Amino acid sequence: MSSSDFDEFDAFAGYEAQSLSARAMPGGPPGDAAYLDGLNPEQRAAVETLDGPVLVLAGAGTGKTRALTCRVAHLLRTGRARPNEIFAVTFTNKAAREMKERVGALVGGAVEGMPWLGTFHALCAKLLRRHAELAGLKPNFTILDTDDQLRLLKQLIAAENIDEKRWPPRMLAGLIDRWKNRGWTPANLPADEAAAFGGKGGRLYADYQERLRTLNAADFGDLLVHVLTIFQAHPEVLATWRGRLRYILVDEYQDTNVAQYLLLRLLAAEHRNICCVGDDDQSIYGWRGAEVGNILRFEQDFPGAAVIRLERNYRSTPHILAVASEVIAANERRLGKTLWTDETEGEKVRLIGHWDGEEEARWIGEEIEALTRGTRGMEPVSPEGIAILVRASFQMRAFEDRFLNIGLPYRVIGGPRFYERLEIRDAMAYFRLAVSPDDGLAFERVMNRPKRGLGEKAAQSVNLIARERGLTLVDAARALVAEGGLTARARGALGRLLEAIDRWHEAVRAGADHVALAETILDESGYVDHWRNDRAPDSAGRVENLKELVKALEQFENLQGFLEHVALVMDNEQEDGAAKVSIMTLHAAKGLEFPVVFLPGWEDGLFPSQRSMDENGLAGLEEERRLAYVGLTRARRLAVVSFAANRAVFGRWQSALPSRFIDEMPPEHVEVLTPPGLHGGPRGRAAVAGGRGAAGADGRLRAIEGLAGVVRGSELEERAARAGAYDSPGWRRMQARRAAPSAAPVVIDARAAPAFALGERVFHQKFGYGAVQAIEGDKLTVDFEKAGVKKVVAGYVTAADDVPF
DNA sequence: ACGGGTCGTATTTTT
DNA sequence: TACGACCCGT
C-alpha cells in the first residue's frame with residue numbers, strides 16, 4: 001500500500017521547477033489573471049479575499065463553483081500557496097474531480113500536484129495512512145464496506161445473545177455512524193447514548209472498535225474520527241499538518257458534520273486561512289449527521305470573518321426563482337438570502353395533479369416526447385437536458401417501466417451502484433485476499449462462494465480456532481487443515497482455497513500484471529464459472545459485470561490502488577454518449593442543473609416524507625423544504641411539479657393529499673395544467689371523493705383549489721382551458737395516443753436505437769443472452785436463453801460479444 | 001450442506 | 001412487491 005501512498009512533497013518537487021516564475025510574483029496577481037474577468041463583484045471578493053476566515057453564502061445557481069475554482073487558481077497564481085498547501089474539501093468525488101479539472105484548465109498542469117483535494121473521507125484516509133499506528137492500525141488497513149460492517153455487527157450482536165429481530169444490526173450501524181459523525185469514541189460516548197440499543201449500545205460500540213482494530217480495518221466514520229483523535233492527542237502531529245496545509249477550502253459547508261467541523265477547526269486554528277462555501281438553504285443531509293449549525297455559527301467560530309453573499313442567479317427564470325424563494329421562505333432557521341436575476345422572460349412553473357402514480361409517469365413520458373419535439377411552446381429540448389427528480393428511489397420504478405415501454409432512453413443516476421453489486425463485491429473480496437491474505441472479512445465472504453462444501457459448520461470451526469488461539473481467520477484455517485480438522489472433504493476444499501490464495505498473493509508480491517492476475521483469480525476460484533452455470537436470467541449480466549470490472553482495473557497501476565479507489569469512490573460514471581433523460585433522487589441532483597426538471601410525487605407523506613417529520617419534527621420538515629428548494633432550483637427554463645391522488649406503496653393503494661409545499665407556491669408564478677385523466681370520467685370524480693376524509697383536508701383542498709383546483713374534474717378543467725392554461729390540441733393528441741398505445745413509437749434519438757438483424761445474438765443486462773426473433777420499429781422480440789421470449793426496446797440490448805473471459 | 005419453499009416485514013436520502 | 005430469514009426435506 002505504501003507505494004501508492006505517495007508523498008505530497010515528492011509530488012511537489014515536480015511542480016516547483018515549472019512554477020517558480022509564478023511563485024516569484026511579489027504580492028499582487030500575475031498579469032494574465034484572465035480568470036478574474038467576468039466575475040461579478042461578490043464573486044470577485046470571494047476569490048480575492050485570500051487571508052483570514054471567509055464565509056461565502058452562495059445561493060443556488062450563483063456561480064459558486066466558478067468562484068471556488070477561481071479562488072484556488074488565484075491562490076496558486078499569486079504564489080500565495082503551492083498546490084500541496086491547499087486543503088480543499090468537496091462533498092462528493094464528482095465535485096472533487098470537477099474542481100480538479102476546472103482548476104487545471106485555469107492554471108495549466110500545475111494542479112497535478114494538488115494532493116489534498118478530495119472528499120473528507122478520501123483526505124482523511126490519506127492522513128490516516130500516514131499515522132495509522134497512532135490509531136492502533138497498520139498503514140495498509142482496509143476500509144470496510146457496508147456489507148462487511150453489517151456482518152461484523154451481526155456477529156457481535158449474536159455473541160451478546162441479543163434478539164436480532166428486535167435489535168437489528170442495521171440499527172446499530174446507524175447508531176454507531178451517528179456517534180462517529182459527532183466525533184464520539186467509545187471512550188467519550190455520553191452515558192445516555194451508550195444506553196441505546198437495549199442498554200448495550202456503548203458496550204457493542206467498544207467491542208466493534210476492538211474487532212476493527214484486530215482486523216486492521218476502519219469503517220467510513222473511523223476515517224474521520226481516527227484522524228480527529230490523533231490530532232487531539234498528538235499536538236506535534238497536528239502542528240506539522242497545520243504548517244503544511246496553509247489554506248483551507250471547504251465546499252458544501254452546510255453539509256459538514258460535527259467531526260468534520262472539529263477537524264477543520266483544529267487545522268485552521270492558527271493560520272485561520274479557511275474559506276467555507278455553502279448555502280444553508282441547501283442543507284439536506286441532516287439525517288447523515290450534517291449540522292446546519294456549523295454554517296449558522298461560522299462568524300462566532302471565526303471572529304472577524306468576511307461574509308460574502310452570492311445572490312445573483314445565473315441559472316433560472318424569474319418564475320422559477322420566485323417559486324423557489326417563496327417556498328424556502330417558510331423556513332424559520334435560515335440566514336436568509338435574496339436571489340435575483342436580470343432575466344425577465346421565461347415559463348412559469350407548471351403544476352399538475354394525476355389520478356395515480358402510473359398516470360403521472362405516463363404523462364411525464366408524453367410531456368418529454370413533446371418537449372423534445374418542441375411542441376410545448378418552447379424550443380426543442382434534448383433528452384439529456386431533462387431530469388426527473390424524485391424524493392425516494394422507489395418512485396423511479398414507475399418511470400423506468402413507462403419509459404421502457406415507450407422506448408424513451410433514460411439513465412438512472414446514483415441507483416444501485418456498480419461496486420455495490422453482489423458479484424463485484426465478491427470479486428473484490430478475492431482481490432483483497434490476494435493483496436493481503438490476512439483480510440479475515442474478505443476470507444469469510446468468499447470462503448464458500450462459489451459453494452465449496454464449506455458451510456456454516458466449517459465457518460464456525462475456523463472462527464472458533466481463530467478466537468481461541470488469537471489467530472487471523474486465514475491462519476486459523478491453515479491450522480485447521482494442517483491438524484486434520486473438519487471432514488476430509490471440507491479439509492480438501494479449504495486446503496485448495498488456501499493454496500490458491502497463497503499463489504495469488506505471491507503473484508502480487510512478485511509484481512505480476514494485475515489485470516491478468518485478476519482474470520486468473522476469477523477463473524481459478526471458480527467464481528466466473530459459478531455465474532456462467534447459474535440458470536437465473538440475470539447471471540449473464542453478472543458475468544458481464546465481472547468483465548467490466550476487469551476492464552476497469554486497466555486504469556490502475558495495481559490492485560491496491562484499485563481497491564483504495566473503490567472503497568472511497570463508490571461512484572461509477574458510465575457515459576455512453578446517447579442522449580438520455582436523467583432519473584435521480586433530489587439528493588443526487590444537488591449541484592446539477594437541467595433546462596427542464598420534472599418534480600413528481602409532491603404528496604404529503606411522500607414529500608415531505610412522513611418519516612422525516614415523525615423523526616425530526618419541525619427540523620425534519622424544514623429539511624424537506626430545503627429539498628424542495630434544491631429540486632426547483634435545478635431547473636433553468638422549466639420546472640414541472642406534479643402529484644398523484646393515489647399511489648401504490650408496497651403493492652397497496654394509498655391516497656394522499658398534495659404536498660403542503662404546493663400551498664406555499666405563489667400562484668402568480670405557477671401555471672396550472674389539467675390532468676388528462678380528469679375530464680369528467682368516473683375516475684376523476686372518484687379522485688375527488690377518495691382520500692378526503694381527514695380533518696383539515698378541506699382546508700388543504702381549498703388552498704389547492706385557490707391555486708390549482710387540479711383534482712376537480714371537468715368543471716375546473718374547462719376553466720383552466722378557458723384561461724388558456726392548457727394547450728388543448730396537445731391534450732387531445734395525448735388522449736389519442738393514450739387510446740392507441742400501439743401507435744408508432746417515437747424514436748427520440750436514433751443513436752439509442754441501433755439496428756439489429758433477425759436472428760442476431762444480443763445481450764440484455766437483465767435478461768442475459770438471446771436471439772432476435774422479430775423487429776418492429778425500435779422494439780425487438782428476443783428469445784432469451786434463460787429468461788424466455790421478451791419484448792424489449794432496442795436501446796437496451798447490445799450486440800453480444802462472446803469474448804472469452 | 002444445500003436447495004426450495006413459505007412467511008413476514010420493509011423503503012428515504014449516501015460519503 | 002420483493003427480499004430476507006427461517007424451515008424442511010434431500
Side-chain angles (χ1 to χ4, degrees), chain A residues 89-96 118-125 143-146 149-150 154 163-166 168-171 173-174 177 180-181 218-224 251-252 255-257 259-260 283-290 389-398 401 413-417 419-420 422 447-460 486-487 489-490 493 534-536 566-571 584-590 601 605-616 620 623-624 626-627 630-631 647-654:
Chain A
V89 196
T90 59
F91 188 64
T92 62
N93 294 296
K94 205 168 97 200
T119 63
F120 261 109
H121 295 272
L123 296 178
C124 284
I143 299 169
L144 245 56
D145 62 34
T146 335
Q149 191 188 11
L150 242 36
K154 206 173 152 177
D163 178 17
E164 198 182 276
K165 283 276 156 54
R166 260 199 73 185
R170 286 191 50 157
M171 182 181 173
D177 194 50
K180 289 183 177 176
N181 286 156
D219 68 15
F220 256 72
D222 280 342
L223 298 175
L224 301 172
D251 192 12
E252 308 283 10
D255 289 324
T256 52
N257 61 38
Q260 293 163 339
S283 165
I284 55 176
Y285 285 95
W287 52 273
R288 213 174 83 186
L389 311 183
V390 297
R391 173 68 245 269
S393 46
F394 72 80
Q395 291 172 261
M396 293 180 180
R397 208 179 134 168
D401 285 353
I413 310 264
R417 289 177 293 181
Y419 292 114
E420 280 172 4
L422 173 86
M447 191 165 84
N448 199 29
R449 216 175 292 177
K451 304 247 179 278
R452 305 186 163 85
L454 297 169
E456 185 90 5
K457 234 175 101 207
Q460 275 175 3
L486 300 175
T487 61
R489 215 187 153 94
D534 191 286
R535 64 181 195 286
V566 171
L568 293 168
V569 187
M570 292 289 283
D571 61 356
M584 69 187 92
T585 63
L586 287 161
H587 285 86
K590 196 170 71 158
L606 177 59
F607 187 45
S609 136
Q610 193 57 49
R611 187 157 160 184
S612 232
M613 295 186 292
D614 288 348
E615 287 175 6
N616 295 305
E623 181 154 319
E624 295 287 309
R626 292 194 288 269
L627 217 35
V630 167
R647 194 173 287 280
V649 185
F650 305 146
R652 190 166 294 268
W653 285 100
Q654 284 184 353

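Bear in mind the structure is a predicted one, so any value in this text is a computation, not a measurement. Numbers restart at 1 for each chain; the letters A, B, ... are given by sequence-line order, proteins then strands.
Rounded to whole Å, atom C1' of B:dT14 lies 9 Å from atom NE2 of A:His121. Put simply, CH2 on A:Trp287 is 13 Å from C1' on B:dT11, counting in whole angstrom units. One atom, NZ of A:Lys180, and another, C1' of B:dT14, lie 16 Å apart when rounded to the nearest Å. What separates CG of A:Asp145 from C1' of B:dT15 is a distance of 13 Å, to the nearest Å. Rounding to whole angstrom units, CZ of residue A:Phe394 and P of C:dT1 are separated by 16 Å. One can place CD of A:Glu252 at 14 Å from C1' of B:dT14, the figure rounded to the nearest angstrom. In this structure, the CD atom of A:Glu623 is 13 Å from the P atom of B:dT14, given to the nearest Å.
Counting any heavy atom pair closer than 4.0 Å across all strands shown, A:Phe120 reaches no nucleic acid atom. At the heavy-atom level, A:Arg397 lies under 4.0 Å from the strands shown only through sugar-phosphate atoms. Among the atoms of the strands shown, none is found under 4.0 Å from any heavy atom of A:Ala122.
The nucleotide whose nearest atom lies closest to any side-chain atom of A:Phe650 is, among B:dT11, B:dT15, B:dG3, B:dT11. In the set B:dA1, B:dT15, B:dG3, the nucleotide with an atom closest to the side chain of A:Phe220 is B:dT15. The side chain of A:Arg170 lies closest to B:dT11 when the candidates are B:dT11, B:dT14, B:dT15. Closest approach to the A:Ala458 side chain among B:dT14, B:dG3, B:dA1 is made by B:dA1 (side chain taken as heavy atoms from C-beta onward). Considering only the side chain of A:Lys154, C:dA5 comes nearest among B:dA1, B:dT14, C:dA5.
Heavy-atom nearest nucleotides on DNA chain B were determined for A:Glu456 and for A:Ser609, and the one closer to the 5' end corresponds to A:Glu456. If you find the closest nucleotide of DNA chain B to A:Ser612 and to A:Ala490, the one lying nearer the 5' end belongs to A:Ala490.
Between A:Asn448 and B:dC2 there is a side-chain N or O to OP1 or OP2 distance below 4.0 Å. A close approach under 4.0 Å does not occur between any side-chain nitrogen or oxygen of A:Thr92 and OP1 or OP2 of B:dT14.
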Which is it for A:Asn616 and A:Glu623 under the side-chain contact (heavy atoms from CB on, under 4.5 Å) test, yes or no, and what are the steps along the way?
CA-CA 9 Å; A:Asn616 295 305; A:Glu623 181 154 319; over 6 Å; no

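The heavy-atom pair separating A:Thr585 from A:Met396 by the smallest distance is N-CE, 3.6 Å.
Of the charged side-chain nitrogens involved, none lies within less than 4.0 Å of a carboxylate oxygen, so that A:Arg288 and A:Asp177 do not count as a salt-bridged pair.
For A:Phe120 and A:Phe91, the gap between ring centers reaches or exceeds 6.0 Å.
Looking at A:Arg626, its side chain does come within 3.5 Å of a backbone N or O of A:Ser283 through a donor-acceptor pair.
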